Novice: 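Dropping a structure here in C-alpha cells format, bear with me for questions.
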Amino acid sequence: MPQYFGQLPTIEPSWKAIPPVTSVETDDRQITLLCGDTRLKVTILAENLVRVRFAPTGEFLPRRSWAVTRDDAEWETIPFTFEESLEVFCLHTEQISVHIWKNPVKIEFFDGQGRPFARDREGGLAWRAGSVAGWKVIEPEEHFYGFGERTGLLDRLGSIATNWTVDAVDYDTLTDEMYQAIPFFIALRPSLCYGLFLNSTYWSRFDLGVREMGYWRMETHSPELDYYLIYGRDPAEVTRTYAELTGKMPLPPRWALGYHQSRWGYDSEDLVRAIAREFRDRQIPCDAIHLDIDYMHGFRVFTWSQKRFPDPHRLINEIRQQGFKIITIVDPGIKYEPEADYAVFDEALQQDYLIRKPEGQLFHGYVWPDKAVFPDFVDPDVRDWWGNWHRVLTDAGVSGIWNDMNEPSLSDRPFGDKGQKIWFPLDTCQGSPKERANHAETHNLYGLLMARASFEAMERQRENERSFILTRSGYAGIQRWSSVWLGDNQATWEHLEQSLPMLCNMGLSGVAFVGCDVGGFAGNTTAELFTRWMQSGILYPLARAHSAMGTIRREPWVYGEEVEAICRKYIELRYRLIPYLYTLFQEAATTGAPILRPLLYHYPDNPKVYELHNQVMLGSSIMAAPICRPGGEARSVYLPEGIWYDWWTGERLEGGRYILALAPLDVMPLYAREGAIIPLYPVCQHLDEIPASMTVRIYPGTGEFTLYEDDGHSFDYRRGIYSTTRYSVSTRGEEVVIEVSDRCGEYNPGEREISIEVIGKGEHRFLDDGTAKQWTF
C-alpha cells in the first residue's frame, strides 16, 4: 500500500522543487530521469500523446484499471528521436517536440512550427506533505475548456476547478465541487490546441491563474503527479485522442434519443398509466417514463411497493404496447435491517460486500431508507453481485437504470434532522486484494463503478437488447458505462442559461450523452421559462424533463394550450432530427466527438467564439441561439464565417457578423450552415415506429454527410450489421449537384420513399433501393 496522502494538510508547508537531473535512462518508449531521490518519466504513446510522471518518493504507483483503458505497453511503439545537450534533453515525434531541462528541471512542449505550449515555469514540479503539483505558463490568448461538470461560463480561465465528487444540491454559478469529477481540459489559442488529463483519482484541483497571474497549477493529494498531454491541431483531434485514452460511449438504443418524462412523485401505477395516456391522446412524442424512489417499498433498493406498484410487469408491458420504456432509479444505500428478512442487506452482510471503517466496524449513514449501508463497488465481485439484483427490475421489463445519490450522498443523521453531509472514512480500504486502495483514492470512483455495475448487469440480463444507463456521479471514462445528467438544477433563468456551457464542457470532457433536467428540478417554473427551456432541451443529447416533489409538474400540457402547442412543435422537431442525431451518436461512439458543441469546436481559430456561451452547434451543421432571458423576443446572434440559412424561413445570411434575430415565444433562432445535409424523419409518436419515408434537407454549398443506420435496438451492429449512405452536395455556377452513394453494409432499412429537398432550388422524390444516384438542381 502506498503512503497515505488522503487528508488535507492543516497548514501549507513550503513546496519542494524537483532536484536537478543526476542520471538518465532511455528505451524505445520513454526517458526516465533520476533527480536526486525523485524520478521523472516521459513516455511517448502516440505522435501527439505524451505521458509525464513525477514521483517524489522515487517509486511510481501501480497501474489502476479504473479510468485509462490501456497500459503504456499496449500502445503501438512510436519512433521518436532523442537528443541531449549540456542543458536539455529533446524528444521529437512527427507532430511535437518535448524539451526537458536538466537544472532547474522543467518540461516544455512545442508544435511542428516551434510554437510553445504547456510549458513548465521555473520550479514547475514540486511536492509537500500530502500533495504534489505542477505549474505551467498561460500563453497569450490562451483559453481553457472542459474540466467535466462546471457551473458558470464556458471559458474557465481565471477560475478554480476542484475534482471531488459531492452532492451539489442548490448549486449556483460559483459552485466548485460538483457531482462529476473529470480532471481533463482543453487549452485553445488561435492555431494551437492541447488537452491535459490529470491521471489521479485522489482529490485534485486546477487553479487557472487565480493565485498566480500568468500561470496555471494542477495539484493532487496523490503520491505522484501523473498526466497525459494531448496535442491537437483542433479540439476534434484532442477529443479523439482523449477517447482512445479513457474510452468511448456505447451506441445507445435509438429510443433513448427520444423525449423522456420524469418526476419525483409518479407514485402509482395509475398515475404512470395516466401520464402515458395523456402523451398519446395529445399527440406529443415520448419514448421513456422515469420512476423515481416512489416505486420502491420503503425506499429499499431492488424492491417494488406492493401497494402502489402491485404488478410492475403488467404495467410495463401495457405501456410498452404504446411505445413507452420504463427507467427506474437505483440508489447505492441499502436499508440497514438485520432482522427484517431483507435479502439485499442479508446477502451483502453475509458476503462481506459492504464498506467498513478502518477498525472493521460496519460503516453506515442516512439516506432515503433511513439508516443505510453501502456496497464496495471497487470490488468486481461486489459489482457482479449488485448487478445480479437488477433482475428484480429487468424481469419486470425495465429498459433502463438511473443511478442516483452515488457521489456518494449521505448524512450523519436521518433526513429532516439537519444533518451534515459525510462520506466514507478516507483511510478505509476498498477493492479486491488485487487492487486494494483507500477511500482517499477511490472516492471519486464510487459513481463510475456503480454505473459500471449497472451497465454490465443490463448487458447480461437483456440478451440482445441495448439498455439505457444514467448516472449523477462519475469520473473520467464514465462515458463507457453511462449517460450523465447534471444533477439537481433549479427552475431559474440562470440555470437555463448556464446549462448550455455546462453541457458543452461535459462534451469536451469526453461525455457526449449528457443532459440536464428540462424545466429545472427544484422550485416552480413559469410558462415562459418552461417554453424556452423546452426549446433548448430538444438540443440536449439527453432530452428529459424532471422535477421535485411538491413543485409544479413539468409535463408539456401543464402550462396551457399555447405552451403545449409550442412544446409539441419542438419535441416533434427533435423526433424529425432523429436520423441526424443517431448518426451523431454513432460518431461519438466511434471517435469520442461531442454531440452538442460550443462554436469553438468548429471555429477554433476565431477568437470571437471563444467566450460565446449561449450559442451551440448540434453536430457540425446546425447552430442554435436559444432565448435564455425572460421577456426576450429578439437577441444578438453571431454568425461565423461562411453562409448560413435560417432554419424556419430559409433566408440566406452572410456570416462573419452579428445579426438581430427575432424570437417570439414560439421561435428559437436556429440555423443551418451552407453545405449542410440533414436527414429528417416524418413526425412519429415514439421511435419503435419504423418510418416508411425520409426527407434529406440540403443547403446549397459544398458538403457531405454519411448517414448511419441499424435496427436501433440490438447489438447486431457490433457484428457489422449496419449500413452507411454518403450524401454530398456541390455547386457549379447556379447549379446544385446532389450525389448519393451506393448504400454500404449489411443492414437493409427496407424500401422507402426519400425526398431530396434543396433549399431555394426545389424537391425530388425517389424510391430508395440502395443504389447510387445523382441530380442537378
Side-chain angles (χ1 to χ4, degrees), residues 1 64-66 165 201 296-303 328-395 401-410 422-461 469 471-475 481-482:
M1 185 92 183
R64 299 303 202 184
S65 65
W66 304 316
T165 60
T201 58
M296 300 180 197
H297 171 54
F299 307 131
R300 294 166 180 85
V301 70
F302 303 123
T303 66
T328 48
I329 200 168
V330 173
D331 289 350
I334 301 170
K335 186 173 179 61
Y336 179 82
E337 286 192 309
E339 299 177 2
D341 193 29
Y342 176 33
V344 180
F345 171 81
D346 295 340
E347 286 185 11
L349 187 63
Q350 180 182 6
Q351 298 294 330
D352 197 21
Y353 283 162
L354 299 170
I355 298 292
R356 292 184 177 273
K357 298 178 182 179
E359 300 80 13
Q361 306 102 313
L362 200 62
F363 174 85
H364 75 269
Y366 292 88
V367 284
W368 300 118
D370 205 30
K371 185 176 180 179
V373 290
F374 300 85
D376 177 9
F377 293 123
V378 183
D379 188 332
D381 290 340
V382 178
R383 294 199 299 270
D384 286 345
W385 165 81
W386 181 262
N388 290 338
W389 270 104
H390 284 65
R391 285 207 176 276
V392 171
L393 306 173
T394 56
D395 285 353
I401 299 296
W402 165 20
N403 286 314
D404 194 14
M405 306 289 284
N406 54 350
E407 292 75 33
S409 176
L410 58 147
I422 61 173
W423 46 73
F424 311 149
L426 294 180
D427 52 352
T428 201
C429 286
Q430 293 178 251
S432 66
K434 292 182 179 179
E435 206 165 23
R436 203 74 170 152
N438 59 35
H439 190 66
E441 186 176 5
T442 62
H443 173 86
N444 284 332
L445 296 164
Y446 199 74
L448 178 144
L449 294 174
M450 181 186 181
R452 178 175 180 175
S454 295
F455 175 87
E456 292 174 340
M458 298 296 274
E459 288 227 325
R460 290 195 304 268
Q461 294 169 22
I469 309 295
T471 186
R472 189 169 77 175
S473 184
Y475 179 74
W481 315 114
S482 182

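One is the number of the first residue; the rest follow in order along the sequence. The figures here come from the full heavy-atom set of this structure, side chains too, leaving out hydrogens, waters and symmetry mates. Model, not experiment: these values are computed from the prediction.
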Novice: So, using side chain to side chain donor-acceptor pair (under 3.5 Å) as the criterion, who are the partners of Asn444 when residues are at least two apart?
Specialist: none

Novice: Once rounded to the nearest 0.5 Å, what's the spacing between atom CG of Leu448 and atom CH2 of Trp66?
Specialist: 11.0 Å

Novice: As an exercise, state the distance from CD1 of Ile469 to CE of Met458, rounded to the nearest 0.5 Å.
Specialist: 5.0 Å

Novice: What distance separates Gln351 CD from Asp346 CG, expressed to the nearest 0.5 Å?
Specialist: 11.5 Å

Novice: If the condition is ring-ring contact (aromatic ring centres under 6.0 Å, His included), which residues does Trp423 pass it with, not counting sequence neighbours?
Specialist: Trp164, His443

Novice: By the side-chain hydrogen bond (donor to acceptor under 3.5 Å, both in side chains) test, which pairs, at least two apart or in different chains, include something from residues 328-340?
Specialist: Arg300-Glu337

Novice: Are Leu410 and Ile422 close enough that some pair of their side-chain heavy atoms sits under 4.5 Å apart?
Specialist: yes

Novice: Can you name the residues that form a side chain to side chain donor-acceptor pair (under 3.5 Å) with Thr394, not counting sequence neighbours?
Specialist: Gln461

Novice: Under the rule for side chain to side chain donor-acceptor pair (under 3.5 Å), what residues qualify as partners of Ser409, not counting sequence neighbours?
Specialist: Asp167, Lys421

Novice: Calculate, to the nearest 0.5 Å, the distance between atoms OG1 and CG belonging to Thr442 and Leu426 respectively.
Specialist: 9.0 Å

Novice: Measure the CG-OG distance between Leu449 and Ser454 for me, rounded to the nearest 0.5 Å.
Specialist: 11.0 Å

Novice: Just jot down the ring-ring contact (aromatic ring centres under 6.0 Å, His included) partners of Trp402, sequence neighbours excluded, or say none.
Specialist: His290, Trp485, His546

Novice: Could you tell me whether a side-chain N or O of Ser432 sits under 3.5 Å from a main-chain N or O of Asp379, the two making a donor and an acceptor?
Specialist: no

Novice: Identify the two heavy atoms, one from Met450 and one from Pro332, that lie closest to each other, and give their separation to 0.1 Å.
Specialist: CE-N, 3.6 Å

Novice: Just jot down the side chain to side chain donor-acceptor pair (under 3.5 Å) partners of Arg356, sequence neighbours excluded, or say none.
Specialist: Asp352

Novice: Got a list of side-chain donor-acceptor pairs under 3.5 Å for residues 358-375, not counting sequence neighbours?
Specialist:
none

Novice: Hey, what's the ring geometry for Tyr446 with Phe424, parallel, tilted or perpendicular (30° and 60° as the breaks)?
Specialist: perpendicular

Novice: Search all heavy atoms of Val392 against all heavy atoms of Thr303 and return the closest pair with its distance.
Specialist: CG1-N, 4.4 Å

Novice: Rounded to the nearest 0.5 Å, how far apart are CD1 of Ile355 and OG1 of Thr428?
Specialist: 6.5 Å

Novice: Does Thr471 reach the main-chain N or O of Ser482 with its side chain, forming a donor-acceptor pair under 3.5 Å?
Specialist: no

Novice: Please report the closest heavy-atom contact between His439 and Pro425, naming both atoms and the distance.
Specialist: CB-O, 3.3 Å

Novice: Side-chain contact test, heavy atoms from C-beta onward, threshold under 4.5 Å: evaluate it for Thr201 versus Arg64 and give yes or no.
Specialist: no

Novice: Please collect all salt bridge (charged side-chain N to carboxylate O under 4.0 Å, His left out) contacts where either partner lies in residues 448-460, sequence neighbours excluded, each pair once.
Specialist: Asp384-Arg460, Arg452-Glu456, Glu459-Arg718

Novice: Does Val344 have any side-chain contact (heavy atoms from CB on, under 4.5 Å) partners at least two apart in sequence or in another chain, and if so, which?
Specialist: Val301, Phe302, Ile334, Tyr342, Trp385, Trp389

